[in-house]
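I have placed the structure first, in the form of C-alpha cells, so that the comments after it can refer back to it.
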Amino acid sequence: MLRVQIYEDEILTSFVSRSARANGVERMRSFCIDIGVSPPKIKLGARGEVQKLAEIVGAEPNRLMQAAVERDDRTSVRVGHEWFDNSRLNRMHLRFCPDCVAADLVKHPFSGPYYRSYWLLPQVTTCIYHGKKIVEATQPQRLETNSQDFCAIIDQLGKQSPALLYPSAGCQPTYFEVYVAKRLGGETSGHLHADVLPLETVIVMSEIVGAAIFHPRVSRRTLSPEQMVEVRDAGFAAVKDGHESFLGSLDKIAALAPAGSCSPHGLYGSLYTALDRSRSQGSYDVFRSAVVEHAAMSGRVAPGTSIFGTRSTSAASRVRSVANDAGVAIGRVKRVLRAKGLTAPAGAAGLLDPSGAAAAREHFHGVWSFKDAREFLGCNLRTFNSLLSADIIARPPASFPQGFVSRKAVVDLAARLGDSRTVDDNPQLVDIHAARTSAESSVAEIVRYILDRRLSAVAVKGDLPILAALRVSTDEVRQAHLPDGHVTADAARDLLRLNTTGFADLLNSGLIKTTSLEYPRENWHAVPLAEIKRFRAVYISLQECAEELNLNKNAMASLAKRAGLSRAFPSNVVGQQIFVRTSADHILTTPP
C-alpha cells in the first residue's frame, strides 16, 4: 500500500523524496520509475506530470502544484505563491537549516527531512523558525541523477561532511526575512502597499532604498552578505508602509547621496524599473507619485521635467528590455548605441533614456535573428544558410548585425511558397525533406523549382511552418534537375518499354546515348528525348510488342519464335529481346 504524507510548505520534489522513503525505497529516482513519473518533469513543475502523481497518491492536484517550483516559457520561476526571475534564486549551493533537518529526523525518522521553499531565496539568510543561520553546502558528487532528491543529498552530506548538519550559529531573523518567507506561503502581513506588489519587486526596492540610505557612495555589488542583510531590512522598513514612509526614506537619501545618484537615470530610474514589474496599478501609483513628488521637492530634476510617462514605455528602459524587444543579444544593443554615438550603460539592467531606447529599437526594426527566421520557416540552420546562399532569401545588407536577416524577406518567401500551391495534398506527394533524400536534392533547389513553377504538383498541409508544410512529387523534382529536352532514366525506360536489366545493358554498351550531369548527380543518366525518339524509330522491345497485341510476355515470346524474329542485339550484349521494328511490322499488323 502506498504511504504518502503531505507536509506544509514543502517543495514538491521533497514530497516525492519523502514518499519514496515512506514506501521503503531509498532513492526518489527509483520510486518515480516504479510509479511511472518523471523526476526532471516533477522538478520543473510540469502540470501534466504533477496531475499524474496526484492521481497515483490520491492527493489534491492544486495543492501539489502549489508545492512545485514551476517555470514559464521564458526566465520566470514560481516558488510557492510568487514569481521570480530565475537569476534571483539560489542555484549555486544547497541551502538548508540544520535544525529543521534535525527536527524532521526526530519527528519523522523513517521518511526523512523535507525542503522549505524559502531556502531557495538567497535574500533570506536565517531560519525564521529556529533563529539559526542557513547553511550553504556544495551538493555531493555522484548524485547527478538524484539532484532533486533532498533526502538522498542530506544522507550523503551526513556521511561526507557531518559538521554541516551540526546546529548552526544563532541569529535573529530580520523583519524582512520573516515577511518574505510568509509571502511565499501565501500569507499577508497587513502592509497593504507592500502586499499587493510582487514579492520580487519588494525585494528589489528594499535593496535599492536600503543601499542608498546606508551606503550611498558604494555599489551594491561590493557590499558583503552581512551588510546586505541590514540593507534589505532598512529598505523594507521604508517601503512597507507606502507613500509617507517611502517619501521619508527618499529625503534621507537626498541628504546623504551626491546629486547625480538621484538623477532620473540613477536612483529614481532604478526604483521606477523595479516598480514597473508590479501587477498592481494602485500600489504602483502610490510609489511612483512619491518618487515624482520627491524629485520636485528636492530640486534634483528641473521644474517642468517629466521623470516618468504614464506608462513605462515612455520612460527609461532597461538595456535587457530593449534587447528582448528587438530579439537580439544585449551586447549587440550596446554596440549599436556606441556606433550611433549614444551612451551604452554598463550591465544588462542599465537604463536607457527614451531617445536611446528608440534609436536601438529602430535599428533592429524589421530584423529577425537566424533562430527566429528558422523557427518561422520550419528549417534547420544548414537549410536556412542554403536558402541565403542561393539568394532565395535576399542576403542582408552590410549594416545588419551578423546572424540577422530581413524579417520582410523571410515573410515574403513564405507567402510566395504558399501561393505556389497547385493541388490538394494526396498520398503520392511527400514533404520536401523526404524528396530531398529520394531525389538527391537540396531544400534550396526544391524551393527554387516551386518558385519557378517547374513543379505541377505542390501542396501545403495544415498549419505547419511553410517549409515543413510543403508537399511535392519526387518524380517531378528528379525531372526538374535535368536540362530541357531530357528525361530521367526511369522515365526513358518506361517510354521504351524496357526492363531494368535490358535498359542498363543498352546504356553500358553505348547503344543509348545519355547526357552527363554535374555533382552531386554525376551518376545520373539524363536521356535526351531525341535519343528516345531515334531508338524507338528503329527498334521495338518484346514487351512493347506484347502490349500492342494484348498478349502476355510468354505468348509473345512463342509468337516471335514461330515467326522467326531474331534479336537486334546478342543476348550477351543486351539481356532483353529487342527486335528491328521493320522486321516485326508483319506480326504487329497481322492479328495472332
Side-chain angles (χ1 to χ4, degrees), residues 79-82 84-85 87-90 95 97 99-100 116-136 168-185 187-257 261-262 267 270-271 273-275 277-278 283 286-287 290-291 294:
V79 179
H81 292 260
E82 297 289 334
F84 300 88
D85 188 273
S87 61
R88 300 213 183 275
L89 303 180
N90 172 70
R95 306 179 77 247
C97 168
D99 291 60
C100 288
R116 276 72 168 173
S117 57
Y118 71 89
W119 291 345
L120 268 175
L121 291 179
Q123 296 84 9
V124 180
T125 62
T126 308
C127 174
I128 63 172
Y129 302 107
H130 296 99
K132 299 294 182 66
K133 280 287 186 183
I134 291 176
V135 172
E136 291 188 348
S168 58
C171 183
Q172 187 65 27
T174 64
Y175 191 86
F176 167 83
E177 291 175 324
V178 174
Y179 175 83
V180 168
K182 290 185 175 181
R183 276 287 300 271
L184 284 180
E187 298 182 41
T188 57
S189 64
H191 302 298
L192 299 180
H193 297 301
D195 286 346
V196 294
L197 287 172
L199 182 55
E200 182 177 14
T201 299
V202 174
I203 292 173
V204 174
M205 289 181 64
S206 298
E207 290 179 346
I208 293 171
V209 174
I213 292 175
F214 275 86
H215 306 280
R217 293 174 175 82
V218 179
S219 169
R220 276 184 293 151
R221 296 180 181 180
T222 64
L223 298 179
S224 68
E226 292 74 18
Q227 290 174 316
M228 285 304 300
V229 171
E230 296 180 347
V231 160
R232 295 187 191 99
D233 205 42
F236 180 65
V239 169
K240 63 183 176 63
D241 293 327
H243 185 281
E244 294 303 324
S245 175
F246 187 54
L247 195 61
S249 69
L250 292 178
D251 280 333
K252 187 180 296 185
I253 294 170
L256 295 171
S261 67
C262 290
L267 173 70
S270 299
L271 287 171
T273 303
L275 283 167
R277 300 177 72 86
S278 172
S283 184
V286 168
F287 289 100
V291 175
H294 183 267

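This chain uses plain numbering: 1 for the first residue, then up along the sequence.
- Taking the side chain as every heavy atom from C-beta outward, Val209 and Phe246 approach each other to under 4.5 Å.
- The two residues Leu199 and Glu82 make their nearest non-hydrogen contact at N-OE1, 3.0 Å.
- Nearest heavy-atom pair across His130 and Asp99 is CG-CB, 3.6 Å.
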Between Leu197 and Met205, is a side-chain contact (heavy atoms from CB on, under 4.5 Å) present by the stated rule, with each step listed? CA-CA 10 Å; Leu197 287 172; Met205 289 181 64; 4.1 Å; yes
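- By the 4.5 Å heavy-atom criterion applied to side chains, Val229 and Phe176 are not counted as neighbours.
- Note that CD of Gln123 is 7.5 Å distant from CZ of Phe84, once rounded to the nearest 0.5 Å.
- Taking the six-membered ring for Trp and thresholds of 30 and 60 degrees, Phe236 and Tyr179 have ring planes inclined between 30 and 60 degrees apart.
- Distance check: Ile208 CD1 to Ser249 OG gives 11.5 Å after rounding to the nearest 0.5 Å.
- No donor-acceptor distance shorter than 3.5 angstrom exists from the side chain of Arg116 to the backbone of Ala181, with no hydrogens or angles considered.
- Contact annotation: the side chain of Arg183 approaches that of Asp195 to within less than 4.5 Å [non-hydrogen atoms, C-beta and beyond].
- Here the OG1-NZ distance, from Thr126 to Lys132, works out to 11.5 Å after rounding to the nearest 0.5 Å.
- There is a side-chain donor-acceptor pair under 3.5 Å between Glu177 and Thr125.
- Taking a 6.0 Å sphere around NZ of Lys182, one finds it holds 12 or fewer heavy atoms contributed by other residues, nucleotides or ligands.
- Residues Val79 and Leu121 have side chains not in contact (no heavy-atom distance under 4.5 Å, counting atoms from C-beta outward).
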Pair Leu120-Arg95, side-chain contact (heavy atoms from CB on, under 4.5 Å): steps then yes or no: CA-CA 7 Å; Leu120 268 175; Arg95 306 179 77 247; over 6 Å; no
Run Ile134 and Trp119 through side-chain contact (heavy atoms from CB on, under 4.5 Å) and show every step you take. CA-CA 8 Å; Ile134 291 176; Trp119 291 345; 3.7 Å; yes
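- The backbone N or O of Ala237 sits less than 3.5 Å from a side-chain atom of Ser245, completing a donor-acceptor pair.
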Hey, mind stepping through Arg232 and Met228 against side-chain contact (heavy atoms from CB on, under 4.5 Å) and telling me if it holds? CA-CA 6 Å; Arg232 295 187 191 99; Met228 285 304 300; 3.8 Å; yes
